[in-house]
Trainee: 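Got a structure for you, written out below as structure tokens; questions coming shortly.
The basis for the numbers below is simple: all heavy atoms, side chains too, and nothing from hydrogens, waters or symmetry mates. Protein chains get the first letters and strands the later ones, always in sequence-line order, with residue 1 at the start of each.
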There are 4 protein chains.
Amino acid sequence: MKDTIVRASMKLFEERGFRETSIQDICDAVGVTKGAFYYYFTSKEELLMEIHQQYIDDLLNQEEKILNEELSASDKILGVMSLLMDSIRNNRAAARIFFAELRQLEGERLAAIITKRRTFRTNVEGVVRRGMETGELRDDVDPGAMTMAILGIVNWSYQWFQPNGKLGSLELARQFHRMIMSGIGKGGREGLKP
Amino acid sequence: MKDTIVRASMKLFEERGFRETSIQDICDAVGVTKGAFYYYFTSKEELLMEIHQQYIDDLLNQEEKILNEELSASDKILGVMSLLMDSIRNNRAAARIFFAELRQLEGERLAAIITKRRTFRTNVEGVVRRGMETGELRDDVDPGAMTMAILGIVNWSYQWFQPNGKLGSLELARQFHRMIMSGIGKGGREGLKP
Amino acid sequence: MKDTIVRASMKLFEERGFRETSIQDICDAVGVTKGAFYYYFTSKEELLMEIHQQYIDDLLNQEEKILNEELSASDKILGVMSLLMDSIRNNRAAARIFFAELRQLEGERLAAIITKRRTFRTNVEGVVRRGMETGELRDDVDPGAMTMAILGIVNWSYQWFQPNGKLGSLELARQFHRMIMSGIGKGGREGLKP
Amino acid sequence: MKDTIVRASMKLFEERGFRETSIQDICDAVGVTKGAFYYYFTSKEELLMEIHQQYIDDLLNQEEKILNEELSASDKILGVMSLLMDSIRNNRAAARIFFAELRQLEGERLAAIITKRRTFRTNVEGVVRRGMETGELRDDVDPGAMTMAILGIVNWSYQWFQPNGKLGSLELARQFHRMIMSGIGKGGREGLKP
DNA sequence: AATGAATGAGTGTTCATTCAT
DNA sequence: CATGAATGAACACTCATTCAT
């Protein structure tokens with residue numbers, strides 16, 4: 001039941017937004033009364049928290065697996081990008097909520113999610129930094145900025161990515177990765193100081 | 001007065017969000033009554049529209065200037081990225097509202113803003129495509145996807161960019177541009193089909 | 001100007017009702033600002049009063065003429081009925097307001113109009129009473145009730161009378177008068193106690 | 001509770017009018033909060049609809065009974081007139097609202113009530129027409145106009161009828177019926193073509 | 001004679017939440 | 001487990017009216 005409510009609300013939150021969806025809307029969709037809702041959740045915010053938690057925990061789990069593998073920095077970056085693109089494809093509603101409705105959390109709940117988000121990002125930044133140290137990646141750019149760029153590319157895709165488009169999530173991740181690694185300029189490495 | 005209201009509301013919308021800010025909040029901030037607000041705006045949505053309109057119109061104007069200059073594709077891309085980073089830096093509140101509160105517009109207003117946003121993006125895509133045709137840019141990647149990547153990097157920065165951070169908006173744009181053009185991989189062009 | 005406002009507001013009050021028409025609506029229709037309105041009227045209620053006053057004064061004037069003529073009770077009744085039907089036909093908006101928006105007046109203004117309305121009615125009742133005394137009319141019915149019936153027939157017509165219908169106001173008044181005087185029963189005077 | 005609200009609001013609507021009575025007024029009168037009101041009604045208009053519906057449905061039911069009896073046209077007309085006078089006496093508030101606040105309904109609701117009102121009227125007109133065909137009633141007057149006259153007499157009474165007056169509703173209906181059937185003129189049938 | 005800006009009290013409506021049953 | 005009734009605080013919006021200019 002609790003899960004039924006979570007799933008129904010995810011659909012509604014994606015379509016209309018968190019604030020624009022009332023508890024009544026959710027109850028109507030599930031076919032229960034408000035009393036039932038408050039038996040399973042203490043507040044609307046807790047429901048939102050549940051969604052955030054599930055999403056970020058899943059991401060962190062998968063990220064950990066990639067990080068623990070014996071891979072080059074480049075391949076780890078590809079792995080994380082694929083992971084995010086996939087999760088946006090397969091979990092569109094949750095992804096949208098995760099990126100757009102963080103603000104609706106408050107206090108401790110907000111802090112908890114922010115911490116986990118930071119962990120996810122810091123992990124990627126670690127990969128980038130180590131890649132620079134080992135010489136696999138250029139070290140004349142800021143590792144933090146590059147991390148934000150990498151995440152920006154994939155995270156932003158929740159705004160436009162269509163699962164039925166001509167490029168799938170994996171193919172997109174590959175092309176993004178190619179750009180990040182080799183650039184799209186043709187004649188050598190312009191912009192690089194010698 | 002109208003402008004005073006717009007400015008005060010931008011601040012509040014940025015801090016709390018559009019839905020979370022009441023007309024009363026805005027009036028309290030400005031020091032007028034609700035009647036005064038409705039003398040200048042017919043609805044809360046109209047106020048939001050005003051903010052969106054100003055922001056996107058300004059962006060389109062500046063984009064046009066860059067597009068009309070005699071520049072390489074690479075430089076035009078740098079120009080657009082700088083433009084966006086700058087506007088996020090100097091117009092933080094408007095940028096945040098522009099990216100996060102599109103959903104709150106409805107009907108014709110929504111359509112009008114979406115159209116302008118699409119124009120902005122299509123213009124960038126045009127630069128990328130032409131760069132590929134002239135041989136300045138690699139043509140083994142999808143121009144649409146690359147455009148989204150470029151815009152994703154800078155647009156996403158409204159979520160984390162701090163004007164007081166160690167890297168300024170221009171420096172960030174330059175580093176992002178370098179990544180996009182040359183990649184951050186070191187040993188040649190991995191990922192490229194021969 | 002004052003008259004222009006009265007006429008425009010009558011049209012609007014008829015279409016939408018007094019409460020449902022705002023001062024702004026009236027000003028828009030006339031093409032002036034609210035300041036101008038309040039130059040000519042001290043309040044919305046005063047405007048309504050003006051309409052009531054004009055209407056009832058006109059009715060009272062015409063009624064007086066009929067009453068002063070040398071006519072039978074029957075003819076006087078026909079005269080008053082024609083007068084009311086005509087005024088509903090020619091002054092549809094004012095009539096509708098007069099019958100439907102009395103309630104919107106308060107205090108002295110309300111009292112003044114009620115007094116005049118009573119005068120109009122009492123005058124008709126006087127005709128009926130005298131008709132009964134002189135033997136022209138049956139005296140086995142209540143004169144007050146008969147007066148209310150006579151006025152009810154014509155006053156109610158503001159709800160349904162269409163100037164373009166197959167029967168004109170004069171023809172309707174005649175048919176109503178015939179019914180009142182002779183009844184619509186055929187075989188003699190049923191219902192009458194011997 | 002729903003019924004309590006309906007009854008309290010009927011009283012207030014009669015005294016002050018629909019527009020002039022706020023939801024808050026109703027809630028204060030009943031002793032509940034606005035939330036409770038909106039638990040039972042989706043809008044103020046729905047409450048008004050409820051009142052209209054109850055009133056006209058009751059009227060139609062009673063009318064049908066009269067129509068199905070084996071009665072002369074004259075008696076059926078008396079029956080309908082008594083019915084309306086009675087309902088105005090016993091249900092003064094509802095009657096007043098029914099006659100004066102139709103305008104406040106909109107769209108489908110308005111259409112539904114108008115349809116039922118028309119049915120009531122058409123039924124009376126049917127009695128009049130058949131009375132003319134069978135020769136019970138004069139056929140040198142317009143049946144539609146006569147119907148409107150009959151209804152006008154009784155409907156208008158909601159404006160003046162006092163239950164405590166010297167004439168009761170039944171006695172009034174009888175006197176009105178006598179006038180309609182036999183007229184109040186004394187000397188034969190003036191106005192009749194030979 | 002008329003404007004334009006502003007007020008202030010009020011309106012209908014929404015909604016997360018509570019709680020006795 | 002779950003319901004149905006009810007709360008209370010807030011919300012966007014309206015409008016008759018005022019007044020300095």
Trainee: Verify, without hydrogens or angle tests, whether C/Lys116 (side chain) and C/Ala111 (backbone) share a donor-acceptor contact under 3.5 angstrom.
Mentor: no
Trainee: Mark yes or no for whether B/Asn61, through its side chain, and B/Asp58, through its backbone, hold a donor-acceptor pair below 3.5 Å.
Mentor: no
Trainee: Salt bridge or not between C/Glu20 and D/Arg19? Use side-chain N to carboxylate O under 4.0 Å.
Mentor: yes
Trainee: Between B/Glu45 and B/Glu106, is there a donor-acceptor pair closer than 3.5 Å when you use the side chain of the first and the backbone of the second?
Mentor: yes
Trainee: Provide, to the nearest angstrom, the distance between the CE atom belonging to A/Met49 and the P atom belonging to E/dA16.
Mentor: 19 Å
Trainee: Look at the side chain of D/Lys44 and the backbone N and O of D/Phe18, then say whether any donor-acceptor pair between them is shorter than 3.5 Å.
Mentor: yes
Trainee: Roughly how many Å is it from CZ in D/Phe41 to P in E/dT14, rounded to a whole number?
Mentor: 15 Å
Trainee: So, D/Tyr55 versus D/Ser87: side-chain donor-acceptor pair below 3.5 Å or not?
Mentor: yes
Trainee: Take nucleotides 15-21 of chain F nucleotide by nucleotide from the 5' end and write B, S or -, depending on whether a protein heavy atom sits under 4.0 Å from the base, only from the sugar-phosphate, or from neither.
Mentor: BSBB---
Trainee: Flag the pair B/Phe161 / B/Trp156 as yes when their ring centroid distance falls below 6.0 Å, and as no otherwise.
Mentor: no
Trainee: Using only atom types and a distance under 3.5 Å, with no angle test, would you say the side chain of C/Thr42 pairs donor to acceptor with the backbone of C/Tyr38?
Mentor: no
Trainee: Give A/Tyr40 one of three labels, base, sugar-phosphate or nothing, depending on what nucleic acid heavy atoms sit under 4.0 Å from its own.
Mentor: sugar-phosphate
Trainee: Only Watson-Crick and G-U wobble pairs with both distances less than 3.5 Å should count. Give DNA chain E in dot-bracket notation, marking inter-strand partners with |.
Mentor: .||||||||||||||||||||
Trainee: Starting at the 5' end of DNA chain F, which residue's closest nucleotide do you reach first, D/Thr33 or A/Thr33?
Mentor: A/Thr33
